[in-house]
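Notes follow once the structure below has been shown.
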Amino acid sequence: MAIEFKSADVQRAHEWIAQARHIVIITHMAPDGDAMGSALGLWNWLKGLPVTGDGLRNVNVLVPNAFPKFYQWMPGAEEITVYETNANRCNELITNADLFICTDFNDPKRIGPIGEKLVAATAPKILIDHHLNPTDFADIVFSFPEACSASEIVYRFIRVTGYRLSVSGATCIYTGLMTDTGNFSFNSTSCDLYEIIAELIRAGIKKDEIYNAVYNQYSTDRVRLTGYALYRKMRIYPEYHLSLITLSADELDQYHYQPGDTEGLVNMPLQISDVYYSVYMREERPKPGTPKPRIRISFRSQGDRPVNIWASEVFNGGGHMNASGGELFGSLNQAVQLFEKSFPKYIKAKG
Ligand code: 5GP
Ligand code: MN
């Protein structure tokens, strides 16, 4: 299906952007490369856009919690406001906002504590996203599940208006395209994608340097944690072509876990020739006010084997057909029991 914007929506969105004086861009919890890329791509573009009227345009990116170190180099990352560590500033920005632009999430639940504040705010909201079935919280919705990433939609939104991206903006967009396709190994067969990449290269991005900045800057602890998880913690259920990795809070502490340190881990068991489903569970210690630990669960699959229904019906989550997430408040053991009880219903044996 072609990605086509309704021109009336684009025009209205641009009028709002032109008039706005305090734009707040929000992206999802545990920001990944596409969250960062789509939000900062927009931020860089808006910062460079000529201002009319009284010459005032503030643009800020808000995220609910910390983003990984290996995205700190991204142009504009140093100016992001993180709710978890700077709630006052975040609240102030939300109160003063006269336009919200949301990227890479389809439900206010995905932005944690900011969600209720966003819903309560009266300023207009634009959503740019590639997840299925967004809930009804935005006034203009650019939702294209067929896009490889939210960054792709941001790029197209900017281009459709005839504007050009700076090299900083283009760098952010490329980071989103690269990370949400596993460096162009899934969701990445459309010719249009490679035409976009060609345009980004013409805009001046250093493609190989971006790869290096994201994928070759890990800590020793992170690489050792990956080794430990695969060697000691990966369980295979051969008749179901299924793999499970669990990491407890204690195990993560041993490797001085930092946000993002296990990003990509869930994809690794799929390297095994007859593993088509992979699940990874990570235990977070209880936070004040939540007596139980939170188990964060990632699901991945290959081909025509959906995991999003499983994630949604059993683990209060959802996502794409081949990449979903969910959570459980309880012990890792409880999560594993629920997983073992439920997988025969949701995945095909010998499929
Ligand atoms: P990850 O395993 O990388 O955290 O999440 C994979 C994908 O699943 C994300 O890109 C997002 O689309 C989706 N996802 C993750 N967690 C949730 C969740 O709690 N609810 C929903 N609806 N989708 C999620
Ligand atoms: Mn995305």
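Indexing begins at 1, ligand by ligand and atom by atom, following the structure's order.
When G319, S298, G318, A323 are checked for heavy-atom proximity to atom 24 (C) of ligand 1, G318 turns out nearest. The option from H320, E263, R300 that lies nearest to atom 6 (C) of ligand 1, judged by heavy atoms, is R300. Among G317, G264, S324, S149, the residue whose heavy atom lies closest to atom 8 (O) of ligand 1 is S324.
On a distance-only criterion, F299 and ligand 1 share no N/O pair closer than 3.5 Å.
Between E251 and R232, none of the side-chain N atoms (NZ, or NE/NH1/NH2) sits under 4.0 Å from a carboxylate O, so this pair counts as no salt bridge. A salt bridge links D192 with R156: the closest approach of a Lys/Arg side-chain nitrogen to an acidic carboxylate oxygen falls below 4.0 angstrom. The pair R282-E327 does not meet the salt-bridge criterion, since no charged nitrogen lies less than 4.0 angstrom from a carboxylate oxygen. The pair R285-D250 meets the salt-bridge criterion, since a charged nitrogen lies less than 4.0 angstrom from a carboxylate oxygen.
The Mn ion (ligand 2) is closest to atom OD1 of D104 (considering only N, O or S atoms). The N, O or S atom of D180 with the smallest distance to the Mn ion (ligand 2) is OD2. The minimum distance between the Mn ion (ligand 2) and any N, O or S atom of D34 involves atom OD2.
In terms of protein heavy-atom proximity, atom 9 (C) of ligand 1 is closest to R110 NH2, 4.1 Å. Of all protein heavy atoms, the one closest to atom 10 (O) of ligand 1 is H131 NE2, 3.8 Å. Here the protein heavy atom with the shortest distance to atom 4 (O) of ligand 1 is R296 NH2, 2.8 Å.
Contact annotation: D129 places no N, O or S atom under 2.8 Å from the Mn ion (ligand 2). Taking backbone and side-chain atoms together, D32 has no N/O/S atom less than 2.8 Å away from the Mn ion (ligand 2). Residue contacts to the Mn ion (ligand 2): H130 brings an N, O or S atom closer than 2.8 Å.
Screening W310, Y240, F299 against F339 for a ring-ring contact (aromatic ring centres under 6.0 Å, His included) leaves a single residue, W310.
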key: Test log, rule side-chain contact (heavy atoms from CB on, under 4.5 Å), inputs L127 and D139   = CA-CA 8 Å; L127 171 66; D139 303 280; over 6 Å; no
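Within the 3.5 Å criterion, the main-chain N or O of A87 finds a donor-acceptor partner in the side chain of N91.
Classified by interplanar angle (parallel below 30°, tilted 30° to 60°, perpendicular above 60°), the ring pair Y237/F343 is perpendicular.
A 4.5 Å side-chain heavy-atom check between T175 and M74 finds at least one atom pair inside the cut-off.
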